[in-house]
Amino acid sequence: MNISITDGLTLPQKAAVEHVDGPLLIVAGPGSGKTRVVTRRLANLVTTAGISPRNLLAITFTNKASKEMAERVQSLLPGSRIWVSTFHRFCARLLREYGEMVGIKSTFSILDTTDQKQMMRLVLNDLDYDTVHYAPNKVLWRISNAKNDLISPDQFNSRYEDSIADHWQAVIRRVYPAYQQRMLESNAVDFDDLLVHTATLLAENPELRKDLGEHYRYILVDEYQDTNLAQYQIVAALAQQHGNLCVTGDPDQSIYGWRGARIENILRFERDFPTSKTIRLEQNFRSTQAILRSADSLIANNQQRKQKSLLTENDEGQPVQLLCFQDSREESEGVALKIRELVDSGEFNWNQFAIFYRVNALSRQLEMAMMRHRIPVQVAAGVAFYDRAEIKDLLAYLRLIENAADTTAFLRVVNKPLRGLGKTSQNRLLRWAEENHLTLLQAAVRAKEVPKLSKRAIFGFQRFAEMIDGFSLANAGSVGDLLVEVVEKTRYTAAWSGSYNESDTEKMANVEEFIGAARQYDEALGDERSLQGFLEQTALVSDTDWISDESGQATLMTMHAAKGLEFPVVFVIGVEEGLIPHERALKEGDRREVEEERRLLFVGMTRAENRLYLTESRVRAMHGRNVPTIRSPFLQEFECQRVEFGGDGFFADEEWRQPTHDVSKLADIPTLPKLMTGASLLSGDKTAAEIPTGFAIGTQVRHPRYGLGTVVDVGGFGAKRSITVKFPTDDRTETFIASKAPLQPVG
DNA sequence: CGCAATTACCTTTTT
DNA sequence: GGTAATTGCG
């Protein structure tokens, strides 16, 4: 038995598998057999160390990774039940049980980004912010950043109390608490809240921490380099007592910094857990020498990095090729032809190909080319199933049935199908509900009392409320049956059923498919099924969960989505300045961001087993316009063979396309005080550096309506701070209240 | 008062 | 080339 578990492993792999107690850091390079090692280690904990499977907990980032890990553990330990879960799912489960401690009821809804935006709209309207100047997305992004750093509305407020700073801070100080308040009233959480609430829950309840610590005695965290502060806190809390924490990761594959991930978490693991043991898995079993050499040579250009060597005993293989095309259409065609060629030669099958890109927008053209050439593809993204309007509507019905307080769900479906309950009536109901501290559903029941509501609207709201009230899983029996009942009673499909209109039949098909998904859930869960469970499952799926390596299709996805996967043949398309590295990273001029872009390309390249092709195009359509491209500076950092397609040598002169950004000489921009550093939190130092910007006389500012101007006077203090700006364009001078005006300092 | 078509805006990466 | 607010119409 033991023999089989460590069979065929290298020495470091074996050491990792056999490690039992205490903290363990596995630094695993790409293709180093990490999943193999951690699954065998889990098996070893059970079979050799005699630990009960129920005392093990494995946490991953994506559903895909968790599914794979669960399956592989299952095959090593048939019948055992080890909890393998994503961070978000783990948190959701914990909150279902203990959420009351942080103020949420077990029926809470999980809002997706669309619902979040809707919620933010409500909040901004409430606070009289105009959603044109304050795009909900941008506001949400700032709030998300705060949450990733575990900064509560109160902390945010006190942190920026005295700094009038840029008006964004003033806005967020007001919006953040209001948003959280609304979420609480709706008994809803967003993705970030799942982590934040859990972190808070664990931080505030030593008792619970102790219980969970005793339950989950051995914890594994995958992709540790991608954890943010909230996740770090959660993990630390769980492992606090026993220290049996095994983390795996690779700093060179940290690509989620923009989402709050702290590469420092893995870099400081050894300091956080002084008794920890570190094992490096450096031998690559995946790629050819040529591929690995190029990838290694690329990543070596990162300065903020621990030296690491990638080795392989694999064959040299074919050189990495850079395919150069005239335009993006030829690029798609070229990739398609190349795939055809390799398949026709009998060397590869469809499912052995992957095409990666930096932004989803690049997938469309590729998809069309693949269709033209009859190449079967699966695309991770596009219009995700659960993003389709019909599905979201039906989901909103289910959410409302489960959680009567769900404001966004109510507003989404109250007039779908049309019931004559338009914006005006909705707003009246909304206002009245707010004044009387009622949920929208409660208010709808008492619609008679709402001022100025028309007879028709009163009747409509009441009927709607009654209808929702009549639905329940208990009565329907199963989620699928409940869904069918909803569709029938609401006459949701009535307007388009029987229509031969293409979009109508597609909508019908979507609804059918969704009902099918619900029935599948019912079947899988049996007596364990719950509306909540179904909603949780749908809320936490991602676009990439649908791809499978046995589908017999080529795979299209972003490089971010590609992490953890491997394919015999990989194409990375659009390797051009502005795309890889992305212009956003270049604009910031921040070395860290460019280094993250480099890591991203590194991740993409190291997915390849046998063949690696990068492509660039001389012209690329950006924002609907064809723009000449510039060579990616990364292409100078490793060896690859150029192959020109099309053209007539006319553009042989390469001068004009040289990179405009010298990424090798980027200044180390001092990390702007990002509110609070992980280190300061660890050392208990709660002070964070302030960002001392403000509106001084002479400062250049931009106003969305009046354009550029110069501050000529400031007055008042605190919230009453006023700023007088002179706009040269039409010789206008305006005075604003600093905390309310949409003024932005320039430069 | 409510609905539908038209305009304007943005577009990194994801749970 | 997609979505959402805004305007015009019934």
Side-chain angles (χ1 to χ4, degrees), chain A residues 59-66 85-92 110-114 116-118 121 125 130-133 135-138 141 144 147-148 189-195 223 226-228 230-231 254-261 356-365 380-384 386-387 389 415 417-428 452-457 460 536-545 557-563 574 578-588 593 596-597 599-601 603-604 621-625 704:
Chain A
I59 303 179
T60 64
F61 270 81
T62 64
N63 296 307
K64 212 167 44 183
S66 101
S85 170
T86 64
F87 263 108
H88 292 267
R89 214 173 276 273
F90 173 78
C91 291
I110 301 172
L111 299 198
D112 68 8
T113 45
T114 316
Q116 274 186 64
K117 249 191 274 181
Q118 220 51 52
R121 278 227 158 75
N125 283 333
D130 143 26
T131 49
V132 176
H133 295 147
N137 269 335
K138 292 187 175 163
W141 187 76
S144 175
K147 288 183 182 175
N148 284 331
V189 300
D190 60 30
F191 291 130
D192 298 320
D193 287 335
L194 285 172
L195 304 176
E223 307 280 15
D226 286 335
T227 50
N228 63 25
Q231 288 158 331
S254 157
I255 53 177
Y256 285 108
W258 53 273
R259 212 168 99 182
F356 303 147
Y357 31 82
R358 177 63 231 265
V359 296
N360 274 312
L362 292 184
S363 75
R364 182 168 295 272
Q365 220 174 3
V383 184
Y386 290 106
D387 270 352
N415 203 24
L418 301 177
R419 298 185 178 93
L421 301 170
K423 257 226 169 80
T424 325
S425 302
Q426 284 178 31
N427 280 336
R428 284 176 183 155
K452 287 211 265 182
L453 220 49
S454 71
K455 276 244 158 61
R456 242 180 73 183
E536 181 182 302
Q537 198 167 82
T538 53
L540 298 180
V541 294
S542 74
D543 309 344
T544 54
D545 295 342
M557 58 169 66
T558 64
M559 279 188 278
H560 281 93
K563 194 163 65 163
L579 235 32
I580 317 172
H582 196 271
E583 58 186 338
R584 222 141 138 157
L586 290 170
K587 212 181 271 168
E588 300 296 317
E593 294 206 30
E596 181 154 310
E597 295 288 313
R599 290 194 292 268
L600 187 56
L601 181 57
V603 167
M622 299 291 276
H623 319 132
R625 185 153 256 114

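If you're wondering where the values come from, they're calculated on a predicted model, not measured in any experiment. Each chain gets a letter, A, B and so on, in the order the sequences are listed, and its residues count up from 1.
- Of the side-chain N and O atoms in A:N415, one or more sit less than 4.0 angstrom from OP1 or OP2 of B:dC3.
- When the P atom of B:dT13 is taken as reference, atom CG of A:L362 falls 9 Å away, rounded to whole Å.
- In this structure, A:F87 reaches neither bases nor backbone, as no heavy-atom distance under 4.0 Å exists between it and the strands shown.
- Which of B:dG2, C:dA5, B:dC1 sits closest to the side chain of A:R428 comes down to B:dC1.
- The line from CG of A:D192 to CG of A:N228 is 8.0 Å long, rounded to the nearest 0.5 Å.
- The listed nucleotides are B:dT15, C:dA4, B:dT11; the one nearest the side chain of A:T62 is B:dT15.
- Along DNA chain B, the nucleotide nearest A:R89 and the nucleotide nearest A:H582 are compared for position; the residue whose nucleotide lies closer to the 5' end is A:H582.
- A close approach under 4.0 Å does occur between a side-chain nitrogen or oxygen of A:N360 and OP1 or OP2 of B:dT13.
- B:dT15 has no stacking from A:F61 on its base ring, since the centres under 5.5 angstrom apart and planes within 30 degrees of parallel are not both found.
- Of the candidates B:dT15, C:dA4, B:dT14, B:dT14 carries the atom nearest the A:Y256 side chain, counting heavy atoms from C-beta on.
- Atom CD of A:E223 is separated from atom P of B:dT14 by 14 Å (rounded to the nearest Å).
- Contact check, A:T113 against B:dT14: no side-chain N or O comes under 4.0 Å of OP1 or OP2.
- The distance from atom CZ of A:F191 to atom C1' of B:dT14 is 8 Å, rounded to the nearest whole Å.
- For A:H560, the listed nucleotide lying nearest its side chain is B:dT13; candidates were B:dG2, B:dT13, B:dT15.
- Picking from B:dT15, B:dT11, C:dG2 the nucleotide with the shortest atom distance to the side chain of A:R364 gives C:dG2.
- Among the atoms of the strands shown, none is found under 4.0 Å from any heavy atom of A:D192.
- Interatomic distance, A:I580 CD1 to A:E597 CD, rounded to the nearest 0.5 Å: 8.0 Å.
- The side chain of A:N63 places no N or O atom within less than 4.0 Å of a non-bridging phosphate oxygen (OP1 or OP2) of B:dT14.
- The NE2 atom of A:H582 sits 10.5 Å away from atom CG of A:L600, with the distance rounded to the nearest 0.5 Å.
- Rounded to whole angstrom, the span from the CE atom of A:M557 across to the P atom of B:dT15 amounts to 11 Å.
- We find that NZ of A:K147 is positioned 18 Å from P of B:dT15, with the value rounded to whole Å.
- Distances from the side chain of A:H88 to the nucleotides B:dG2, B:dT15, B:dT14 place B:dT15 closest.
- Rounded to whole Å, atom P of B:dC10 lies 16 Å from atom CH2 of A:W141.
- For the atom pair A:T62 OG1 and A:E223 CD, the distance stands at 7.5 Å (nearest 0.5 Å).
- Note: A:F191 and A:H88 have perpendicular aromatic rings, judged against thresholds of 30 and 60 degrees for the angle between ring planes.
- Computed from coordinates, the A:M559 CE to B:dT14 P distance equals 11 Å when rounded to whole Å.
- Here the P atom of nucleotide B:dT14 and the NZ atom of A:K117 are 15 Å apart, to the nearest Å.
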Practice item. Start with the C-alpha distance between A:R89 and A:N63, add both sets of side-chain angles, then the distance that settles side chain to side chain contact (heavy atoms under 4.5 Å, CB included), and finish with yes or no. Key: CA-CA 9 Å; A:R89 214 173 276 273; A:N63 296 307; 3.4 Å; yes
